[in-house]
Amino acid sequence: MSTTNPNAIKKVVIVGGGSAGWISAAMLSHYFKDGGCAVELIESEEIGTIGVGESTIPPFLQLISSLGIDEREFIQATQASFKLGIRFEDWKQKDEHYYHPFGAIGGPIGAHEFYQCWLRAKANGHPSGLQDFAPGTVMADQWKFMLPFKAQRTLIAGAGYALHIDARLVAKFLRDFAEARGVKRTEGIVTDVVTRPDGGVAKVIMKNGHEVEGDLFIDCSGFRALLIGKTLDVPFVDWSDMLLCDRAVVVQTENVGPPHPYTLSKAEDAGWRWRIPLQHRAGNGYVFSSKHLSDDEARDTLVRNVEGEMLMNPMFIAFKTGMRQRPWEKNVVAVGLAGGFIEPLESTALHLIYRGMDYLLRFFPDRDFAPSLAAEYNRRMTSDYEEIRDFIVLHYCTTQRDDTPFWKAVREAPIPESLKSRIELFKAHAVLREGVDEMFRNPSWQSVMEGMGIRPDRYQQLVDTAPYDVIRQTLDQSKPMLAAQVAGLPSHGEFLAQNCPAPPPEAVAAPFKTVA
């Protein structure tokens, strides 16, 4: 005879909607689809969600798959396009660019890692570039696309991909998904929070007087951090001394041509500018330092450089880089912006939402809320945030630019000790320190290091045991082979039109509410 835990969580309350709230609701509704735990989400149409993060990384597709959602249906419903990586322009120096591709770069040569073999070839004067062997980069640079798993037995199979998505349509899609699985949505604004004797949250009270009780509360209230910050007063760990940008201006525009299959990140005088093409429009933004640029100057720079007619008035977003010291405190777990924020240079915001919920499901408590579960959750989330922080700082601290006050300040900014040691290890011997379950793997670090001019002093001696002729021949043969295979692919626009065209949007999305 089976038994159930009489102390099990009976109700989860999610405070806030948007991407964070509805990803949380979708995951809970999927894994508790057989009952045992009610889920209620509170959100208000009066409160504007930020919703400008329209670029993802490959693990986001794992989330879609794990929920049993058809990828093609999701792409069409969210007006998505494909993303093979990120193109960085003017980051190392002006008029230079490089790619951070998803997926593999080359393949092992004998028993040796491709990167080590390539370093040996470079030491012997080989003319190739590292990205010549990255299928994601070669496809992105030619605006070509093919699903890698449909290109087995070719070099293209080593690529990875993610999506560019309309964040508002994603929230709508996942809301429909979650509500179909029993999630209750309550419209309204939370104005008061009632705590328990132990300091945890007992219930929230809404503007209309309605009260919502729960066992576990998920704070998806964005930068307001209504539960984790204002109620439980968990400190915020500020990283703005290492990452100087603190503001963004964003705008949506019409597409003026076929979409490129990468996120464009172009360094500017006081930060960087992005362009993300979807099937029905493009997202654009300028992330900048308010100490080095005024709002008017930032808006003018963005508007001057966008392609296509603007579909909304430019909107400003203020932010602070960092994270909550403890994302899980008592019976509250902060997910999304309430838990922390790192500028979207590597499109990690949605990933951190997914990871936060994935860890919560792994360490799901009962009503005793064992401190050891929260401690392990906080350790894992802190590790994720710090890894992403270090990877973002890497793009800045390796710049050779000093042509504006911002870039001079960037070069003087402190670097985390964890990143310093990683760079030193890489420089010394082309070795990368890898932690458990890290998001960015060796090809990512190698791509950015090489793109920003950081090349190891030497390769590993063991690579000398491989016949150099085999290494050279492998490089000489695979570079033109990959280029030829990519040349035969459809363009990204053609692939979308042939395989997953999104219907024309019924109407242009309403402009974002201004967040000053």
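Heavy-atom basis, side chains included; hydrogens, waters and symmetry copies ignored. None of these values were measured; they are calculated from a predicted model.
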Pair Trp239-Glu386, side chain to side chain contact (heavy atoms under 4.5 Å, CB included): steps then yes or no: CA-CA 10 Å; Trp239 292 332; Glu386 289 179 346; 4.0 Å; yes

CA sep, side-chain torsions, deciding dist, call: Leu226, Val204, side chain to side chain contact (heavy atoms under 4.5 Å, CB included): CA-CA 10 Å; Leu226 182 61; Val204 295; 6.0 Å; no

Phe145/Leu496 under side chain to side chain contact (heavy atoms under 4.5 Å, CB included): CA gap, chis, key distance, verdict: CA-CA 9 Å; Phe145 187 77; Leu496 287 168; over 6 Å; no

Worked verdict on Lys10 versus Asp215 for salt bridge (Lys or Arg N to Asp or Glu O under 4.0 Å): CA-CA 7 Å; Lys10 298 297 183 185; Asp215 301 316; over 6 Å; no

Phe341 vs Phe223, ring-ring contact (aromatic ring centres under 6.0 Å, His included): CA-CA, chis, key distance, verdict: CA-CA 9 Å; Phe341 182 79; Phe223 288 132; 5.6 Å; yes

Working for salt bridge (Lys or Arg N to Asp or Glu O under 4.0 Å), residues Arg247 and Asp295: CA-CA 9 Å; Arg247 203 153 170 81; Asp295 281 2; 2.8 Å; yes

Candidate pair Ser240 and Asp246, rule side chain to side chain contact (heavy atoms under 4.5 Å, CB included), full reasoning: CA-CA 8 Å; Ser240 56; Asp246 61 353; over 6 Å; no

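Using a 30° and 60° split on the angle between ring planes, Trp272 and Trp91 fall in the tilted class, from 30° to 60°. Between Phe406 and Tyr396, the ring-plane angle classifies as perpendicular under the 30° and 60° cut-offs. Ring geometry for Tyr359 against Tyr377 counts as perpendicular: the plane angle is over 60°, on a 0 to 90° scale with 30° as the lower cut. Between Phe440 and His100, the angle of the ring planes lies from 30° to 60°, which puts this pair in the tilted group.
Taking the side chain as every heavy atom from C-beta outward, Leu216 and Val333 approach each other to under 4.5 Å. In this structure, the side chains of Tyr385 and Arg389 stay at 4.5 Å or more apart for every pair of heavy atoms. Looking only at side-chain heavy atoms (C-beta outward), Leu244 and Lys291 stay at 4.5 Å or farther from each other. With contacts defined as side-chain heavy-atom distances shorter than 4.5 Å, the pair Trp328/Pro365 qualifies. In this structure, the side chains of Thr301 and Val249 stay at 4.5 Å or more apart for every pair of heavy atoms. Using a 4.5 Å heavy-atom cutoff, the side chains of Met27 and His30 are not in contact. In this structure the side chain of Glu329 reaches within 4.5 angstrom of the side chain of Ile228, judged on heavy atoms.
Aromatic pair Phe173/Phe74: centroids less than 6.0 angstrom apart.
Paired with Thr263 under the rule side chain to side chain donor-acceptor pair (under 3.5 Å), one option of Arg87, His164, Arg275 passes, and it is His164.
Atoms CD and OG, from Glu387 and Ser418 in turn, are 10.0 Å apart once rounded to the nearest 0.5 Å. Taking CD1 of Ile42 as the reference point, atom CD1 of Ile14 lies at 9.5 Å (rounded to 0.5 Å). Atom-to-atom distance recorded for Ile156:CD1 and Leu147:CG is 11.5 Å, nearest 0.5 angstrom. Taking CG of Leu163 as the start and CD of Glu54 as the end, the distance is 12.5 Å to the nearest 0.5 Å. One finds the NE2 atom of His351 at 11.5 Å from the CD1 atom of Ile23 (value rounded to the nearest 0.5 Å). The SG atom of Cys245 lies 13.5 Å from the CD1 atom of Ile342; values are rounded to the nearest 0.5 Å.
Residue Pro504 comes nearest to Gln79 through the heavy atom pair C-NE2, 4.2 Å, listed as atom of the first residue, atom of the second, then distance. A pairwise comparison of heavy atoms in Leu350 and Ser19 identifies CD2-CB, 3.6 Å as the closest pair. Heavy atoms only, all atoms of each residue included: Thr398 and Leu394 are closest at OG1-O, 2.6 Å. Here the shortest heavy-atom pairing between Glu307 and Thr253 reads O-OG1, 3.2 Å.
Side-chain contact check for Ser347 and Lys83: at least one donor-acceptor pair (N or O, by modelled atom type) lies under 3.5 Å. In this structure, a donor-acceptor pair under 3.5 Å is absent between the side chains of Glu343 and Thr321. A donor-acceptor contact closer than 3.5 angstrom links the side chains of Asp141 and Tyr99.
Salt-bridge formation is detected for the pair Glu438/Arg422: a Lys NZ or Arg NE/NH1/NH2 atom is positioned less than 4.0 Å from an Asp or Glu carboxylate oxygen. Using a 4.0 Å cut-off between charged nitrogen and carboxylate oxygen, Arg281 and Asp166 count as a salt-bridge pair. Between Arg380 and Asp384, none of the side-chain N atoms (NZ, or NE/NH1/NH2) sits under 4.0 Å from a carboxylate O, so this pair counts as no salt bridge.
In terms of modelled atom types and a separation under 3.5 Å, the side chain of Ser447 and the main chain of Pro443 share a donor-acceptor contact.
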Per-pair distances, 0.1 Å, donor-acceptor, side chain in residues 178-186, under 3.5 Å, sequence neighbours excluded:
unit_1: Glu179; atom_1: OE1; unit_2: Arg175; atom_2: NE; d: 3.3
unit_1: Arg181; atom_1: NH1; unit_2: Phe177; atom_2: O; d: 2.9
unit_1: Arg185; atom_1: NE; unit_2: Glu43; atom_2: OE2; d: 2.7
unit_1: Arg185; atom_1: NH1; unit_2: Glu187; atom_2: OE1; d: 3.4
unit_1: Arg185; atom_1: NH2; unit_2: Glu43; atom_2: OE2; d: 3.4
unit_1: Arg185; atom_1: NH2; unit_2: Glu45; atom_2: OE2; d: 3.4
unit_1: Arg185; atom_1: NH2; unit_2: Glu187; atom_2: OE1; d: 2.6
unit_1: Thr186; atom_1: OG1; unit_2: Glu40; atom_2: OE2; d: 2.5

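Partners of Phe217 by ring-ring contact (aromatic ring centres under 6.0 Å, His included), not counting sequence neighbours: none found.
The environment of NZ in Lys33 is crowded: more than 12 heavy-atom neighbours from other residues, nucleotides or ligands sit within 6.0 Å.
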